[in-house]
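What follows is a set of notes on a single structure, which appears directly below.
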Amino acid sequence: MTFRFTTAGESHGRGLVAILEGIPAGLPVSAERVDADLKRRMGGYGRGARMKIEADRIEWLAGVRAGETLGSPIAMVVWNRDWENWEDVMAAEADAPGAERRRQVTRPRPGHADLVGVMKYDRKDARDILERASARETVARVACGAVCKVLLEQFGIEIGSHVVELGGVVTHPPSPLPRPLNAVADQSPLRCLDAAAEREMISRIDAAKAAGDTLGGVVEVVALGLPPGLGSHVSWDRKLDGRIAQAMMSIPAVKGVEIGLGFEAARRKGSEVHDEILPGLARASNRAGGTEGGMTTGEPLVVRVAMKPISTLMSPLKTVDLKTGGVAQAQSERSDVTAVPAMGVIAEGMLALMVTQVMLEKFGGDALSEMKRNYDGYQSQIRARAPAGAAS
């Protein structure tokens with residue numbers, strides 16, 4: 001079973017295209033279900049004006065018929081609603097002799113792909129870089145991840161997220177987390193489970209906005225209901241935790257990923273880090289965050305993802321104008337103060353994609369019914385190894 005996904009499109013282009021290959025035939029899907037995650041991605045206190053312009057919705061282009069997947073590649077498109085204001089700027093055709101494009105970007109932003117991109121690809125206008133480097137591209141990833149979530153739910157797997165830190169404010173969420181997690185987290189404008197922390201976060205967002213600054217934060221993404229043994233220890237590129245780290249680090253502005261205790265595990269003694277094994281082969285704790293040796297343990301998979309502040313500031317930092325070589329203020333392209341709550345939705349999508357990949361490697365078939373038979377057989381094998389009534 002080959003599983004892969006790719007995206008195409010620019011931030012202010014005609015639209016974003018998502019292609020998802022490897023989903024088995026017979027999975028019930030709907031555009032409304034995918035659109036629900038696209039809407040969640042657009043929310044969050046501190047977002048800018050563009051979120052009021054866009055109303056992201058997919059159109060199926062291929063791979064779905066009569067409400068079910070066909071087993072062939074799935075293609076989706078999300079049209080950019082503001083295209084009419086950018087059509088001349090983003091036109092594919094060459095300009096007339098002597099003409100110059102509007103909205104050129106020659107003052108690269110510190111922290112963005114602008115400067116390195118124009119050097120690498122030998123461009124004069126950084127818009128050729130920033131349009132693809134923009135986090136707008138992640139709308140296509142979220143669409144692919146939403147389809148994967150529908151598949152995972154067929155096996156009782158839930159993926160959710162919540163904000164655990166923003167602008168230096170750390171939350172104290174309830175333990176255990178509520179289920180379903182997103183149903184509770186989405187009630188908060190910051191997708192935060194700590195009301196007191198949320199109030200302080202909002203205050204800091206307002207202060208940063210007044211100062212023309214931006215804020216970053218940390219999101220916790222959780223997958224529940226995973227069987228043990230997804231991923232593998234046998235080769236470096238088959239380790240699930242390694243794949244997750246790569247997937248999360250590919251999200252724009254993400255600078256750090258932890259699984260379980262993460263960096264805190266390096267500060268503790270071994271007796272305070274490892275999860276003891278109980279009769280029935282359950283774990284006494286979940287400090288490992290649901291993985292050992294690159295494989296799932298059957299405990300909740302817990303991933304924390306750190307996002308730096310957005311690099312476009314309304315009070316811009318210093319840069320150099322690529323046309324003149326002189327000192328200038330960096331370009332301003334958007335007005336978000338923070339996108340941490342939205343990043344959590346993107347991280348959910350990336351985790352869903354990685355979990356789907358290893359689920360298909362382990363249980364994959366051409367049809368959902370075949371995949372379910374394979375899954376049920378493996379679960380029977382696991383239960384035989386770990387009888388529920390095992391003596392202590």
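In summary, D95 and R101 engage in a salt bridge, as defined by a charged side-chain N under 4.0 Å from a carboxylate O. Using a cut-off of 4.0 Å between Lys/Arg side-chain N and Asp/Glu carboxylate O, E361 and R243 are scored as salt-bridged. Ion pairing of R40 with D35 is absent here, as no side-chain N (NZ or NE/NH1/NH2) approaches a carboxylate O to less than 4.0 Å.
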Indicate every side-chain donor-acceptor pair of residues 195-203 with a distance under 3.5 Å to a residue at least two apart or in another chain.
from, atom 1, to, atom 2, distance (Å)
E198, OE2, S188, OG, 2.1
E200, OE2, R204, NE, 2.9

Name the atoms and distances for all side-chain donor-acceptor pairs under 3.5 Å in residues 147-157, with sequence neighbours left out.
from, atom 1, to, atom 2, distance (Å)
K149, NZ, D37, OD2, 2.9
K149, NZ, E348, OE1, 2.5
E153, OE1, R33, NH1, 3.1
E153, OE1, R33, NH2, 3.4
E153, OE2, R33, NH2, 2.4
Q154, OE1, K372, NZ, 2.8

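Judged purely by distance below 3.5 Å, without hydrogens or angles, the side chains of S161 and R191 pair a donor atom with an acceptor atom. A side-chain donor from one of T312 and R109 sits under 3.5 Å from a side-chain acceptor of the other. No hydrogens or angles considered: a donor-acceptor pair under 3.5 Å links the side chains of Q331 and R107.
Legend: side-chain hydrogen bond (donor to acceptor under 3.5 Å, both in side chains) pairs involving residues 165-178, not counting sequence neighbours: none detected. For residues 268-283, every residue pair satisfying the side-chain hydrogen bond (donor to acceptor under 3.5 Å, both in side chains) rule, not counting sequence neighbours, is listed here: E264-R268, D275-S285, R283-E292. Evaluation of the side-chain hydrogen bond (donor to acceptor under 3.5 Å, both in side chains) test over residues 298-307, restricted to residues two or more places apart or in two chains, returns E220-R304.
No side-chain donor-acceptor contact under 3.5 Å links T106 to the backbone of L322. Looking only at distances, a side-chain donor or acceptor of Q187 sits under 3.5 Å from a matching main-chain atom of A183. A donor-acceptor pair is defined here as one N or O able to donate and one able to accept, closer than 3.5 Å; no such pair exists between the side chain of T214 and the backbone of V337. Under a 3.5 Å cut-off, the side chain of S134 and the backbone N or O of R136 do form a donor-acceptor pair. Here the side chain of D321 pairs no donor or acceptor atom with the backbone of G325 at under 3.5 angstrom. Proximity of a side-chain donor or acceptor of D114 to a complementary backbone N or O of P108 within less than 3.5 Å is not detected. Not a single donor-acceptor pair under 3.5 Å links the side chain of S235 to the backbone N or O of D237. Under the 3.5 Å distance criterion, the side-chain polar atoms of E258 are matched with a main-chain donor or acceptor of F263. Using modelled atom types, no side-chain atom of D125 and backbone atom of Q104 make a donor-acceptor pair closer than 3.5 Å.
In this structure, OG in S11 is found 8.5 Å from CZ in R127, a value given to the nearest 0.5 Å. Atom-to-atom distance recorded for S315:OG and D213:CG is 7.5 Å, nearest 0.5 angstrom. Distance check, rounded to the nearest 0.5 Å: NZ of K362 to OH of Y375 gives 12.0 Å. In this structure, CE in M359 is found 9.5 Å from OG1 in T296, a value given to the nearest 0.5 Å. Note that the CE atom of M90 and the CG atom of N80 stand 9.0 Å from one another [nearest 0.5 Å]. R47 CZ to D336 CG: the interatomic distance, rounded to the nearest 0.5 Å, is 4.5 Å.
Residues M295 and L360 are members of separate hydrophobic clusters, defined by side-chain heavy-atom contacts under 4.5 angstrom among Ile, Leu, Val, Met, Phe, Trp and Tyr. Grouping the Ile, Leu, Val, Met, Phe, Trp and Tyr side chains by contacts below 4.5 angstrom, directly or via other members, places V184 with L177. In the hydrophobic clustering of ILVMFWY residues, with side-chain heavy atoms under 4.5 Å counting as a link, V218 and I244 come out apart. Linking ILVMFWY side-chain heavy atoms closer than 4.5 Å, directly or via other members, places M350 and V164 in two distinct hydrophobic clusters.
For the pair R57 and W79, the NZ or CZ position fails the cation-pi test of under 6.0 Å to the six-membered ring centre and within 45 degrees of the ring normal. W86 does not carry R102 over the face of its six-membered ring by the limits of under 6.0 Å from the centre and within 45° of the normal.
Within a 6.0 Å sphere centred on NZ of K209, heavy atoms belonging to other residues, nucleotides or ligands number 12 at most. By the 6.0 Å contact criterion, CD on E68 is enclosed, its count of non-hydrogen atoms from other residues, nucleotides or ligands being greater than 12.
Residues S311 and L317 have side chains not in contact (no heavy-atom distance under 4.5 Å, counting atoms from C-beta outward).
The two residues A140 and L16 make their nearest non-hydrogen contact at CB-CB, 4.3 Å. When every heavy atom of T338 is checked against every heavy atom of L215, the shortest pair comes out as OG1-O, 3.0 Å.
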Practice item. Walk me through it: do T7 and R132 pass the test side-chain hydrogen bond (donor to acceptor under 3.5 Å, both in side chains)? Key: CA-CA 10 Å; T7 71; R132 180 61 182 172; 2.9 Å; yes
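Among residues two or more places apart in sequence or in another chain, the salt bridge (Lys or Arg N to Asp or Glu O under 4.0 Å) test is passed with E21 by R4.
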